[in-house]
Every structure is written in C-alpha cells, then in structure tokens.
Amino acid sequence: MKDNSMQVIDPPSIDEEDEEPMPQEFVLVEKTEPDGTIEQIIFSSGGDIDVYDLEALCDKVGWPRRPLSKLAAALKNSYIVASLHSIRKSPGSEGDEQKRLIGMARATSDHAFNATIWDVLVDPSYQGQGLGKALIEKLIRALLQRDIGNITLFADSKVVEFYRNLGFEADPEGIKGMFWYPNH
C-alpha cells in the first residue's frame with residue numbers, strides 16, 4: 001500500500017461571510033493503486049443512503065442492530081445526512097465501478113439555532129486516514145452555512161478525545177446533558 005499515490009482534493013477555503021454554499025457532492029480523496037485502480041472517496045450531503053448499506057456499515061463498526069424502518073425514519077427526519085462513499089474504477093472497465101458506503105454522520109435541528117450530530121461512523125478499514133475528521137468538519141461547515149450556531153453531539157467515552165480535537169467541549173460552562181428514560 002506504500003506505493004499508492006494519494007491526492008487530497010478539498011474545496012478552496014473561503015472566508016465564512018463570503019463563503020459559497022458547499023456543493024452537495026465532491027471528491028474528497030483520490031488514490032491510484034499500483035494496478036491502476038482508481039479509488040475516489042466522495043463526500044455527499046445529499047442524504048441519499050440505502051438503509052441496507054447503512055446496516056452493513058453499522059455491523060462493521062460493531063453497533064447493535066436497529067430496525068430498518070427506524071433507520072429509514074431517522075435518515076428521512078434528519079436535517080442533514082452526510083456520507084462518504086468509496087468508488088473504485090479498474091483500468092479498462094468503463095462504466096463498471098464499485099460504489100460502497102464507508103462513512104456517515106447525520107444532524108437533527110430546529111432549523112434556526114441548534115443542531116445535534118448523531119450516528120458518526122467510518123468503516124474500520126478506512127479509519128485512521130482523516131476521513132472521520134473530514135466528515136465532521138464538512139458537516140459542521142454545512143450547518144454553519146445554514147446559520148446554525150449551536151452544534152452538539154453525544155460521544156462514547158472512547159471517542160471524546162477525537163471530538164475534543166475537532167473543537168467540541170465536554171460540559172461547557174458546567175452545562176450537563178440530562179436524560180430521561182422510562183421505568184423498566
């Protein structure tokens with residue numbers, strides 16, 4: 001894998017007040033493997049995710065299974081659904097590309113002030129390459145472009161440091177998350 005060439009392609013950075021809306025889909029990373037196969041990692045905020053692909057990705061990261069109807073409802077009712085897809089094109093195989101879901105995050109919102117990021121996941125074979133960071137940064141950028149300024153999330157204790165490195169704070173100003181559960 002050391003012989004792979006990798007080119008990171010990112011939309012140009014622009015001052016926030018002059019910022020153009022982020023395209024719904026763009027190439028985040030492009031790699032050429034020694035055999036000539038080209039892999040593109042595509043970021044999309046268009047929300048087009050197949051629930052069976054999402055269930056397979058959840059299985060890969062070890063998340064418990066959730067009913068597909070509820071997964072579909074969660075995606076449909078989200079404010080933004082961001083995804084990462086791998087598209088692999090082998091040399092000489094025109095039109096025969098392999099596309100698979102390798103990452104996803106979604107946000108719910110009141111459409112005015114607040115948004116909460118949920119269900120952030122990246123295929124384990126793609127972790128450690130900066131894709132989770134890029135996914136969250138692009139999702140935050142999309143929320144800011146929609147004038148959402150208060151962005152929260154819930155993080156498993158194993159990934160708190162990951163989010164802290166992206167600028168999130170645990171319990172800012174003493175604010176605590178509160179949860180209500182029905183009696184079992």
Under the side chain to side chain contact (heavy atoms under 4.5 Å, CB included) criterion, do L131 and L28 qualify, and how do the steps go?
CA-CA 9 Å; L131 296 176; L28 188 63; 4.0 Å; yes
Does any non-hydrogen side-chain atom of K31 lie less than 4.5 Å from one of I38?
no
Can F43 be reached from I49 by stepping across I, L, V, M, F, W or Y side chains whose heavy atoms are under 4.5 Å apart?
no
Once you round to the nearest 0.5 Å, how far does CD of E97 lie from CD of Q40?
8.0 Å
Sub-4.5 Å side-chain heavy-atom contact between H85 and I102
no
With distance as the sole test, does D110 use its side chain to make a donor-acceptor pair with the main-chain N or O of F113 at under 3.5 Å?
yes
Nearest heavy-atom approach of V61 to Q127 is CG1-NE2, 4.3 Å
Establish whether W63 and I136 are linked, either directly or via other cluster members, by ILVMFWY side-chain heavy-atom contacts under 4.5 Å.
no
Which pair of heavy atoms, one from N114 and one from S109, lies closest together, and at what distance?
O-OG, 2.7 Å
For V120 and A105, the nearest pair of non-hydrogen atoms, with its separation, is CG2-CB, 3.8 Å
Mind checking the CD1-CD spacing from I140 to Q145? Nearest 0.5 Å is all I need.
12.5 Å
Among the clusters formed by ILVMFWY side chains lying less than 4.5 Å apart, do F154 and L71 turn up in the same one?
no
Are any of the side-chain nitrogens in E55 or R66 under 4.0 Å away from the carboxylate oxygens of its partner?
no
Of the non-hydrogen atoms in G103 and L57, which two are nearest, and what is the gap between them?
N-CD2, 3.7 Å
Considering only heavy atoms from C-beta outward, does the side chain of L139 approach that of L135 to under 4.5 Å?
no
Compute whether any side-chain donor of one residue and acceptor of the other, for T108 and T116, lie under 3.5 angstrom apart.
no
Around D147, counting heavy atoms of other residues, nucleotides and ligands shown, do more than 12 lie under 6.0 Å from its CG?
no
What heavy-atom pair brings P124 and K60 nearest, and what distance separates the two atoms?
CG-O, 3.3 Å
Does L101 share a hydrophobic cluster with L84, counting links as ILVMFWY side-chain heavy atoms below 4.5 Å and allowing steps through other members?
no
Evaluate side chain to side chain contact (heavy atoms under 4.5 Å, CB included) for E33 paired with R88, printing each intermediate quantity in order.
CA-CA 10 Å; E33 296 177 3; R88 297 174 59 82; 2.7 Å; yes
Side chains of K138 and K133, heavy atoms from C-beta outward: is any pair under 4.5 Å?
no
Non-hydrogen side-chain atoms of I41 and V27 separated by less than 4.5 Å:
no
Does W118 belong to the same Ile/Leu/Val/Met/Phe/Trp/Tyr cluster as L54, with side-chain heavy atoms less than 4.5 Å apart forming each link?
no
Does a sphere of radius 6.0 Å around CG in D50 hold more than 12 heavy atoms from other residues, nucleotides or ligands, not counting ones at 6.0 Å or beyond?
yes
Just verifying a value: how many Å separate I175 CD1 and T152 OG1, rounded to the nearest 0.5 Å?
10.0 Å
From S45 OG over to R141 CZ, what is the distance, rounded to the nearest 0.5 angstrom?
10.5 Å
Determine, for R100 against D53, whether the closest basic-nitrogen to carboxylate-oxygen distance falls under 4.0 angstrom.
no
Hey, mind stepping through K89 and I87 against side chain to side chain contact (heavy atoms under 4.5 Å, CB included) and telling me if it holds?
CA-CA 7 Å; K89 302 171 191 171; I87 298 179; 4.0 Å; yes
Is a donor on one side and an acceptor on the other found under 3.5 Å between the side chain of S78 and the backbone of I80?
no
So, do I117 and R106 sit near enough that their side-chain heavy atoms are less than 4.5 Å apart?
no
Rounded distance (nearest 0.5 Å) linking atom CG of L68 with atom OH of Y52
5.5 Å
Are F168 and F162 an aromatic pair by the rule of ring centers under 6.0 Å?
no
How long is the span from the CD atom in E25 to the CG atom in D48, to the nearest 0.5 Å?
9.0 Å
